[in-house]
Amino acid sequence: MELANLYHAEYIGILIFMTILLFACLLRAVLGPRVADRVVAVNMMGTMVMVMIAVFALLLGEGYLADICLIYAMISFLSVVVLTKVYTGVYLANKQNRKEDGSRKEDEQDA
């Protein structure tokens with residue numbers, strides 16, 4: 001009985017620690033100087049939420065939470081892929097616009 005109470009306290013401590021780390025990643029996602037920092041922070045937040053769900057599964061003794069954790073992992077992976085794809089598209093479009101603007105300026109200088 002005493003060992004179960006010790007594990008219960010340990011799980012609660014882990015959840016509190018993970019919550020603090022989750023808010024730190026949220027802060028990085030909001031304040032990140034680059035888009036890459038934000039994408040990595042969102043990915044890290046997804047991973048931490050999966051760990052928290054797994055700890056809840058152990059704490060509550062419910063096996064269905066492991067299934068929810070796997071579903072969340074797939075959704076988190078897809079969200080990071082979509083964010084990366086959108087960021088890459090925006091980056092390439094901006095790069096193309098800068099290239100076109102540079103060629104226009106050269107044409108104006110030649111005339």
Side-chain angles (χ1 to χ4, degrees):
M1 188 65 170
E2 201 170 300
L3 187 61
N5 289 337
L6 183 63
Y7 281 139
H8 183 76
E10 186 176 349
Y11 292 152
I12 298 297
I14 290 170
L15 287 173
I16 291 170
F17 181 68
M18 292 298 292
T19 303
I20 293 168
L21 291 177
L22 191 67
F23 281 116
C25 282
L26 180 64
L27 188 65
R28 172 53 66 193
V30 172
L31 299 177
R34 296 183 304 256
V35 176
D37 294 331
R38 292 183 173 108
V39 170
V40 169
V42 168
N43 190 20
M44 182 69 82
M45 287 171 59
T47 303
M48 282 193 278
V49 168
M50 286 184 287
V51 171
M52 291 174 76
I53 292 171
V55 171
F56 271 124
L58 290 172
L59 182 65
L60 300 175
E62 298 291 339
Y64 69 89
L65 288 174
D67 296 334
I68 292 173
C69 186
L70 290 172
I71 292 169
Y72 190 84
M74 289 186 286
I75 292 171
S76 177
F77 172 75
L78 286 175
S79 69
V80 170
V81 168
V82 168
L83 281 173
T84 304
K85 186 72 173 170
V86 168
Y87 170 66
T88 304
V90 169
Y91 173 77
L92 292 176
N94 286 341
K95 186 176 178 182
Q96 183 67 26
N97 288 340
R98 278 188 256 132
K99 185 177 179 183
E100 289 174 0
D101 289 342
S103 65
R104 286 181 194 159
K105 288 180 182 177
E106 289 175 3
D107 291 341
E108 289 173 1
Q109 288 175 357
D110 291 340

With rounding to the nearest 0.5 Å, note down the distance linking [atom1] in [X] to [atom2] in [Y].
{"X": "Ile53", "Y": "Leu60", "atom1": "CD1", "atom2": "CG", "answer": "12.0 Å"}
{"X": "Thr47", "Y": "Met18", "atom1": "OG1", "atom2": "CE", "answer": "8.5 Å"}
{"X": "Asp101", "Y": "Arg98", "atom1": "CG", "atom2": "CZ", "answer": "9.5 Å"}
{"X": "Ile75", "Y": "Ser79", "atom1": "CD1", "atom2": "OG", "answer": "8.5 Å"}

[X] with [Y], same ILVMFWY side-chain cluster at under 4.5 Å:
{"X": "Val49", "Y": "Ile71", "answer": "no"}
{"X": "Val40", "Y": "Val82", "answer": "no"}
{"X": "Val86", "Y": "Leu78", "answer": "no"}
{"X": "Met45", "Y": "Met50", "answer": "yes"}

For this session: Only pairs at least two apart or in different chains count here, so list each salt bridge (charged side-chain N to carboxylate O under 4.0 Å, His left out) that has a residue in residues 37-47.
Result: Arg34-Asp37
Exercise. Which pairs pass salt bridge (charged side-chain N to carboxylate O under 4.0 Å, His left out) with one or both residues in residues 5-33, sequence neighbours excluded?
Worked result: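 Checked against salt bridge (charged side-chain N to carboxylate O under 4.0 Å, His left out) - neighbours excluded - no pair reaches residues 5-33.
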Problem set entry | Nearest non-hydrogen partners of Cys25 and Ala41, listed with the distance | O-CB, 3.6 Å
Problem set entry | side chain to side chain contact (heavy atoms under 4.5 Å, CB included) involving Leu58 - partner list, sequence neighbours excluded | Tyr11
Exercise. In chain order, what residues pass the side chain to side chain contact (heavy atoms under 4.5 Å, CB included) check against Leu70, with sequence neighbours excluded?
Worked result: none
Exercise. CE of Met48: more than 12 outside heavy atoms within 6.0 angstrom?
Worked result: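 Enclosed: over 12 neighbouring heavy atoms sit under 6.0 Å from CE of Met48.
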Exercise. Which other residues end up in the same hydrophobic cluster as Val39, if Ile, Leu, Val, Met, Phe, Trp and Tyr are linked when side-chain heavy atoms come under 4.5 Å apart?
Worked result: Val35, Val42, Val80, Leu83, Tyr87
Exercise. Is Tyr91 isolated, or which residues cluster with it under the ILVMFWY side-chain rule of less than 4.5 Å, directly or via members?
Worked result: Leu92
